[in-house]
Structures are given as C-alpha cells and as structure tokens.
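Remember, it's a predicted structure, so these values are computed and weren't measured experimentally.
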Amino acid sequence: MEYFQYSAHRFDWLEKVLLKSVARSLVLFVVVAFWSIAGGPGASLAQQTAPNAAPVANTQPDTVEASGLQKTQALLTEVRKQLDRMQANANASNAEDFQLAELKAQADDLAGQVDKSIAELRQRVEQIQARLKEIGEPPAQGQPPEATVVTEERKKLQSEKAAITASVTEASQVSTAVKTLSNNITEKRRRLFSDTLLKHTELSPAVFADAGQAFLDEVEAFRITIAGWAKFAWKFKKLSLLAALILSVGSGLLFLAGGHRLFGRLMKRNLADENPLYTARLSYAFWSMIVETLSLTAFLITTFFFLLSFNVLRPDVTPIVGAIFGFIWLVYFVEKLTEALLSPRYPAWRLMRLSNSGAKELRWFVLSLAVLNGLDFVLGRISESLNSPVSITIVKSLTLAVLQGSILIAISFLKPVMNDNKDPEAPGRHWPRFFPSLLRVMGIALIFAVMTGYVGLARFFSTQIVLTGAVIVTMYIGILSGKSVGKQGAFAKTVAGRFLVERHKLGEVTLDQIGLAAGLGIYAVAFIFGVPLILLTWGFQIQDIQSAAYRLFTQISIGNINISLVGILVGVLFFLAGYVVTRWTQGWIDRNVMARSQVDPGVRNSVKTGIGYLGVGFAVVVGVSAAGINLSSLALVASALSVGIGFGLQNIVSNFVSGLILLVERPFKVGDHVVTGATEGIVKRISVRATEIETFRKQSIIVPNSDLINAAVGNWTHRNRIQRSEVQVSVSYDSDPQRVMDLLLDIINQVPQVLRNPEPHVEFLRFGGSSLDFEMRFHLADMSDGMTVRNNVRIEILKRFREEGIEIPYPHQDVNISGPIRAMLVPREPETPKERAAEAPASAPKTEPKPDAKPA
C-alpha cells in the first residue's frame with residue numbers, strides 16, 4: 001500500500017507527459033531557449049522559492065568598493081536563511097521528485113549569485129594590488145618620508161583588501177555549502193528514482209482475490225462519481241459547461257483551420273501519382289500529423305482549462321478527466337503517427353518499405369500498445385482518485401504489462417518487409433536481422449519484471465516503449481525530411497522552392513543554399529522539441545531541463561574559461577550589424593560624396609577600402625566585447641602569437657603592412673598603368689595582402705604588396721595620363737630631308753588628339769645603311785589613345801609619301817666576292833682543246849643507234 005501511494009507520486013510526471021506536457025510541447029522551445037535565458041533558474045528567488053520563503057534582495061552590486069562589500073554581506077545573510085529552509089525541505093520524508101528538482105534549481109541559483117559576487121570582489125582585489133604596485137613599498141629607514149596622501153591611500157587600500165579577502169573566504173564557504181546541498185538533492189533524487197523502480201511487491205493469491213472484489217467496488221464507485229458529477233454539472237453548471245465546450249471546440253477548429261490555411265498545400269497528396277517524390281511523402285506525413293495533432297491538443301487543453309476556470313470540475317473528478325484527456329491525446333497521436341509512417345491504404349505514400357498486410361498488422365499492434373499503456377495510466381489515476389486498494393492497481397498493471405509484452409513478442413514474428421519484387425500486395429519477409437530478437441527480449445523482460453513483483457519497473461519500461469518510441473519516430477521523420485530537403489536540387493522541386501523561383505526568380509545555386517539551410521533548420525527543430533520530450537518521459541523535471549538549458553546557453557566551462565552561447569550569438573549579431581552598416585556607409589559615401597565630387601577612381605577606392613577596414617575592425621571589437629570576452633585577456637594571445645608572426649607569418653604581416661602603406665602613400669592607384677618586373681598592365685584592385693594587375697591580354701596577375709614596396713615600379717599614370725609617343729620613318733637617299741620633315745609635321749599637326757604644348761617635332765636621327773631615318777615625337781593627353789593615334793598617323797604617312805613620290809626603301813646590300821674564295825665557289829673554264837676533250841664525255845656522251853632501230 002505504501003509503495004503504490006509513493007509510486008503514484010513518483011509517476012506524477014506521467015500525467016504531465018500525457019496531458020500537461022502536451023501544452024508544454026507547444027511552448028517548450030520558448031521555455032527552453034528564451035524563458036530560461038531571460039529568467040530561468042537565474043530568475044529572482046521570489047519565483048523559485050517555496051511559498052513560505054522570503055525573496056532574496058537584489059544582489060547585483062553597483063560598485064565593487066564599500067557598497068559591494070555591504071551587498072555581499074547582505075547576500076550571504078539572505079543565502080544562509082534560504083539554505084536553512086531548503087535543507088529542511090530537502091530532508092522532509094514526503095518530499096516528491098518535482099519538489100526536489102525545484103529545490104535543486106534554487107540551490108544552483110544561489111550558488112551562481114554567490115560565485116558572481118566572489119568574482120566581482122576578486123576583480124576589485126586585483127585592482128587594489130595593481131594600485132599598490134604603482135604606489136610602491138613604504139620608504140625604508142633612513143630614506144626621505146613619502147607624502148601623507150600616499151601613506152593614507154596605501155593604508156586605505158590595504159584595509160579594503162583585508163576586508164574583501166575575509167568576505168571572499170566567507171562567501172566561498174557559503175558557496176560550498178550550497179553546492180553540497182545541491183549535490184545531496186541530486187543524490188536523493190537518484191535514490192528515490194531507483195527505489196521507486198526497483199521496489200519489490202509480493203504477489204500472492206490473496207492479492208488477486210482482494211483485487212477481484214475491489215474491482216467490482218471500484219466500478220460501482222466510478223459510476224456513482226461520474227453520474228453524480230454529470231448531474232451536478234448539468235443542473236448547476238449547464239451554461240458554464242456549454243460555454244466551455246463551445247469555446248474549446250472553437251479554439252480547436254480555429255487551430256485546425258489556421259493550420260490548413262498555412263500548410264494546406266503541404267498536407268495534400270495526389271492519389272493519382274503512382275510514384276510521388278520522397279520529399280512530397282515526407283512533407284505530407286509530417287505536416288498532416290503535426291497540424292491535426294496540435295488541433296486536438298488545442299481542443300483538449302482549452303476544454304480542460306475552461307472546465308477548471310468555470311468551476312465545472314469537482315476535485316474528485318479533475319484528475320480522472322485529465323487522465324482521460326491524456327489517454328485520448330496519446331492514442332490519437334500514435335494513430336496519426338502510424339498513419340503517416342505506414343499509410344496502410346496508400347502504398348505509394350508509405351515511408352517504409354512494407355507490404356500492405358504487414359503495414360496493417362503493424363499499425364494495429366502499435367495502436368494496441370498505445371491503448372494498453374494509456375489504460376494503465378487512466379485506471380491507475382481512477383484508483384488513486386477513488387482511494388481504491390493497492391491490490392487492484394497491482395493486478396491492473398500486471399495484466400496490462402503481460403498483454404504489452406505479448407504484443408511485443410507477436411510483433412517479432414510478423415513478416416512485414418516488402419519482397420525484392422517491390423510488390424506491396426505480395427507476402428512480406430521477416431524483420432531485419434537482430435530486430436526480432438530485440439523485440440522478444442523486450443517482451444520477455446517486461447513480462448518477467450511484472451511477474452517477479454517489480455511492477456513499478458514494468459510500468460516505467462512499458463511507458464518508455466510507447467512514449468519514447470513515438471517521439472523517436474517523430475524525430476526520425478523530421479531528420480529524414482531535413483535530409484531530403486537538403487539534398488542538392490531537391491529544394492527546387494518543393495512547393496516553397498517553386499514559389500521562390502516564380503516570385504523572386506532565384507537561381508539553382510541560391511535554391512540549393514536555401515535548401516541546405518532549411519534542412520539544418522528541420523534538424524534543429526526535431527532535436528529541440530524531441531530531446532526535451534524524451535527527457536520528460538524518462539523522469540526529468542522541467543526544472544532540470546531549464547537548468548541544463550541555462551547552463552548550456554550561458555555557462556559552458558572549458559578549464560578556467562567560461563563561454564556563453566547567448567553571448568557569442570549576441571556578439572555575432574553585433575558584428576553582422578556593424579558589417580552591414582560599414583558596407584552601407586561605404587556605398588553611400590562612394591555614390592553620394594565621392595562620385596558627385598568627381599574624385600579620381602583611385603582615391604575613391606582608397607577611401608572606400610579604408611572605411612571598410614576601419615568599420616570591420618570596429619565591428620570585431622564591438623562583437624567580441626558583446627560576446628563577453630575580456631579584451632585585456634587577448635594580450636596574452638597576442639604575445640603568444642608574436643613568436644609565430646615573427647617566424648612563420650612574417651610574409652603575411654609584411655604584405656599586410658605594405659598594403660597599408662600603398663593605400664596611404666598611393667604610389668599607384670586603381671586604374672593606373674604600371675610596370676613591375678615582367679608584369680605590365682592596369683591596376684584593378686589593391687587589398688591589404690596583394691594587388692591585382694590585369695595585363696592587356698586580360699590575364700590577372702596577383703602581386704604581393706611587399707614585392708611592390710621593395711621593387712622598382714614604373715607608373716605611366718602616376719601624376720597624369722600625358723604620354724609622349726614616337727613614330728619612326730625611313731626614306732631613300734634620293735629624298736629631300738627638309739621636305740620629309742615638313743611633310744611629317746604637317747601630318748601630325750592635323751591630328752586633334754596631339755597636344756600643342758609641348759609642341760610636336762621631327763628628329764633627323766641618322767644616316768642608315770640604306771635609308772635616311774626620322775622620328776616624329778608628340779604628346780597625347782590620354783595615353784590610352786596612343787595605339788589608335790599611331791596607327792592613324794602611319795596610315796596617313798604612307799598615303800602622303802605615295803602622293804609625293806617619296807620612297808620608303810627596302811633594306812639591301814651588295815656583296816663582291818674575289819680572291820681564293822671566288823676560285824672555290826666559281827668553276828674554271830677549260831682553256832685548251834685537250835682539256836675540253838677530256839671533259840667532253842662527262843659533259844656530252846655520244847650514243848650510236850642500233851641497227852634494227854627505226855628512224856623516229
């Protein structure tokens with residue numbers, strides 16, 4: 001009897017999972033991610049303490065001097081009072097698990113406040129030590145005395161340091177006591193959980209005999225209770241009952257209509273499609289299950305809320321109605337989950353490769369498990385409300401647990417897996433390897449536990465099979481959905497992807513990036529909702545989850561370093577805001593100030609780049625400060641990196657400094673025509689590491705800035721774009737040089753791009769080997785016109801020379817060969833008849849005609 005009364009309190013979390021946790025599941029993300037951050041376990045003690053506990057005064061010190069000491073002492077006094085009350089409550093014999101969880105959250109909150117006060121006082125001690133080091137030691141004997149002001153300041157600082165040290169020691173003792181209490185509460189909760197599950201109950205024939213008679217009495221008592229409440233509600237609370245039902249039905253229908261309004265397209269399936277996309281099947285399964293389940297949730301919660309608000313429910317009926325509502329929700333949720341996952345009537349929309357017969361059988365078995373588990377909870381709540389004997393609860397739980405174990409064993413013998421021919425109508429195959437053995441072990445273990453008297457363990461185990469299994473399957477569907485949406489090219493085929501393409505004309509790459517982000521978001525939602533629900537089903541309290549979430553978001557300790565995810569997120573947001581403002585400022589100044597002032601493009605680029613570096617640097621500083629990182633601690637990191645910078649990163653630092661010099665000194669700017677080494681081209685971009693030069697063949701050359709600083713760089717457009725051009729001309733020796741010079745000057749003076757100051761002129765350069773050589777020299781306002789002007793001038797020269805009869809000679813040379821070389825190269829003529837006769841056969845052999853030859 002004592003065990004089951006105790007067990008009923010211990011398993012009070014089950015009611016929260018079945019009914020109250022339904023409401024929490026709707027706002028769990030807000031509770032965990034926002035409420036716990038804003039208030040959570042760190043909220044004021046007035047919200048966390050028991051009703052008879054006085055709230056702790058504001059413990060946030062305004063200063064870290066005398067007022068800080070006073071506030072620390074006030075905090076320690078209040079914490080000691082709270083600690084005494086909490087120890088008394090924790091040591092109470094009737095303390096329940098959720099009460100202990102609340103006490104632990106309060107203890108952790110107190111410890112956090114005390115530790116924060118200690119950290120502030122120690123920071124003040126560091127300031128005092130630094131000041132004492134600046135003042136120095138008192139003068140030794142024989143040395144000149146110091147100023148009275150300095151002596152008084154040293155004494156004051158030493159006195160304050162002693163007081164703070166004593167206060168820190170006292171606060172450390174209090175913090176240790178609070179943390180010890182928190183650890184003791186955790187250990188007590190662990191023992192309570194273990195004792196509840198492993199409590200042994202003796203099963204005897206007398207227990208079953210008592211349970212039979214008690215069951216009949218309980219049925220009659222239940223009938224009388226429900227009939228009396230119904231008569232009371234209809235006679236005295238008719239209008240309130242009808243109003244509660246109308247409002248709850250309206251809220252459920254409103255939620256359902258809103259869900260169909262927002263996600264209606266995702267909840268429709270084309271039954272004519274024999275091979276729908278996997279993303280479409282997942283989308284239908286997820287949204288149809290979520291929207292319809294949440295609609296029922298809204299209906300049940302509002303019904304229960306309005307019935308309580310209108311005083312329709314009596315205290316003896318309230319837990320029974322709550323348990324029935326939880327039972328309805330559980331069965332409906334499992335039914336929608338199996339319908340979405342197994343789809344017995346529509347094989348094409350099935351998410352698992354099961355045969356039709358296997359899907360139907362598996363669905364009924366799973367629903368039976370849910371019904372039996374819900375009945376166990378409802379019947380237990382009825383027995384508790386009607387003060388029925390413990391024996392009836394034992395027999396009920398034993399019977400239902402045996403049935404659940406038998407169903408698990410029966411499921412292991414099914415053949416639901418689709419055959420290799422992929423025909424859903426064909427008989428299926430057995431489960432994959434090891435899965436049937438796992439089901440049989442679970443079923444046998446459940447039956448064995450309840451038959452040996454461990455009823456509490458059996459009830460807990462059967463509950464986890466249904467609830468944890470349902471949550472895990474839901475998470476699995478969400479993970480599959482995220483994986484499917486995140487695949488390359490998959491998001492473009494979804495409804496959202498097609499809408500974005502039609503509305504915003506997004507490209508394939510952008511859609512893939514959005515799909516990847518959407519997939520990661522689905523993963524996050526699945527885990528954020530699923531993991532807390534699993535923890536709730538396993539006996540964790542809301543306070544435990546809130547405390548864990550608070551520590552996760554605000555107090556991640558790595559050695560002596562504390563990292564806050566919230567602080568990091570805030571820092572990232574500040575950095576992004578600063579980055580966006582910087583880019584906007586760059587564009588605004590460039591478009592509205594520099595462009596209107598007709599500033600040189602190189603100057604515009606330097607100003608824009610400088611603003612960008614200053615803005616990004618400022619955004620980094622603000623972001624790091626907002627993240628809660630002490631900038632002074634970065635000095636250690638900088639000193640450690642200085643060694644690496646001096647050796648491995650010296651080239652990078654050299655290029656960085658050189659880039660800053662180039663931006664400030666501006667030996668060349670964007671758009672300049674430069675020559676450095678074998679590279680010649682137009683400067684396109686100057687960054688802090690390298691400069692981009694585009695050659696005239698449109699090849700981009702990335703030159704490190706240090707090379708441009710340390711090497712000679714020719715800049716054709718450093719001060720202006722004026723350039724001298726030359727055109728060389730050669731004429732024959734028969735031409736009149738003065739006439740040629742006058743003609744060339746006449747030609748060049750007719751070109752509009754040629755400057756008149758400096759004046760163009762023609763130089764008579766030299767007497768060539770076969771020509772007279774001249775050179776035209778003239779200046780252009782823009783060197784980019786040089787190629788065009790020179791081409792046109794050459795064409796005009798050729799035309800005018802032809803009209804004037806001036807010849808442009810070909811280069812030629814006369815070679816005279818004499819002496820021995822001539823004798824070697826030119827054959828000697830035969831001088832005597834004998835010599836000619838000797839050479840005749842070789843030169844002209846004679847042939848006699850044959851006798852039988854016919855004349856041609």
Side-chain angles (χ1 to χ4, degrees), residues 14 17-18 21-22 25 281-282 284-286 288-290 292-293 296-297 326-347 349-378 397 399-418 424 428-432 434-447 450 458-480 530 533-534 537-538:
L14 188 57
V17 171
L18 293 178
S21 291
V22 174
S25 65
R281 287 182 282 167
L282 284 171
Y284 169 78
F286 179 78
S288 61
M289 177 187 66
I290 291 298
E292 295 182 9
T293 302
L296 178 67
T297 302
F327 170 76
I328 294 172
W329 181 88
L330 175 65
V331 174
Y332 184 81
F333 173 68
V334 173
E335 192 276 334
K336 296 303 298 182
L337 183 61
T338 55
E339 171 66 24
L341 190 65
L342 304 178
S343 188
R345 294 177 296 172
Y346 306 105
W349 290 83
R350 193 170 296 155
L351 296 178
M352 300 178 64
R353 297 185 59 183
L354 301 178
S355 63
N356 290 344
S357 59
K360 294 177 182 177
E361 293 172 353
L362 184 61
R363 184 191 183 199
W364 284 112
F365 277 128
V366 172
L367 280 177
S368 299
L369 283 175
V371 171
L372 292 176
N373 191 270
L375 283 176
D376 187 15
F377 175 73
V378 172
S397 299
T399 304
L400 295 175
V402 170
L403 291 176
Q404 290 176 350
S406 302
I407 290 175
L408 290 175
I409 296 174
I411 293 176
S412 68
F413 289 99
L414 293 179
K415 298 180 180 180
V417 182
M418 186 183 299
R429 295 183 289 108
H430 283 289
W431 289 106
F434 300 121
F435 189 69
S437 301
L438 177 62
L439 291 175
R440 291 165 193 167
V441 169
M442 292 170 60
I444 293 173
L446 183 60
I447 295 174
V450 73
R459 294 181 68 187
F460 179 81
F461 185 55
S462 61
T463 301
Q464 304 319 309
I465 292 175
V466 176
L467 293 179
T468 305
V471 175
I472 290 176
V473 171
T474 305
M475 292 177 61
Y476 179 68
I477 294 177
I479 293 172
L480 288 180
L533 286 176
I534 292 176
T537 61
W538 280 84

Taking all heavy atoms of Leu337 and all of Ala470, pick out the closest pair and write down the distance. CD2-O, 3.5 Å

Which atom of Val417 lies closest to which atom of Pro432, heavy atoms considered: CG2-CD, 4.2 Å

How about Glu335 and Arg363: do any of their side-chain heavy atoms sit closer than 4.5 Å? yes

Given side chains that start at C-beta, do those of Phe377 and Leu330 come closer than 4.5 Å, heavy atoms only? no

Is any side-chain heavy atom of Glu339 closer than 4.5 Å to a side-chain heavy atom of Pro344? yes

How would you list, by chain and number, every residue that makes a ring pair (Phe, Tyr, Trp, His ring centres under 6.0 Å) with Phe333, sequence neighbours excluded? Trp329

With a 4.5 Å limit on heavy-atom distance, are the side chains of His430 and Lys415 in contact? yes

If you look at every heavy atom in Leu446 and Ala458, which pair is closest and at what distance? CD1-O, 3.3 Å

Can you tell me how far apart CZ (Phe327) and CG (Asn373) are? Round to the nearest 0.5 Å. 10.0 Å

What's the separation between atom CD1 in Ile328 and atom OG1 in Thr297, rounded to the nearest 0.5 Å? 12.0 Å

State whether the side chain of Arg350 and the backbone N or O of Ser343 hold a donor-acceptor pair below 3.5 Å, judged by distance alone. yes

Side chains of Val450 and Ser397 in contact at under 4.5 Å (non-hydrogen atoms): no

So, does Thr468 use its side chain to make a donor-acceptor pair with the main chain of Ile465 at under 3.5 Å? no

Roughly how far apart are Gln404 CD and Phe461 CZ, rounded to 0.5 Å? 10.0 Å

Partner set under ring pair (Phe, Tyr, Trp, His ring centres under 6.0 Å) for Phe435, not counting sequence neighbours: Trp431

Heavy-atom count check: over 12 atoms from other residues, nucleotides or ligands less than 6.0 Å from Lys360 NZ? no

Closest approach of Ser355 to Gly358 (non-hydrogen atoms, all atoms of both residues): OG-N, 3.2 Å

Gap between atom CE of Met289 and atom NZ of Lys336 - 0.5 Å precision: 10.0 Å

Taking side chain as C-beta onward, heavy atoms only, is Ser406 less than 4.5 Å from Ile447? yes

Can you measure from CD1 (Ile444) to CD1 (Ile409) and round to the nearest 0.5 angstrom? 5.0 Å

For Ile407 versus Ser368, what's the shortest heavy-atom pair and its separation? CD1-CB, 3.7 Å

Find out whether Val366 and Leu342 are in side-chain contact, i.e. whether some heavy atom of one side chain is under 4.5 Å from a heavy atom of the other. no

Find out whether Leu369 and Leu408 are in side-chain contact, i.e. whether some heavy atom of one side chain is under 4.5 Å from a heavy atom of the other. yes

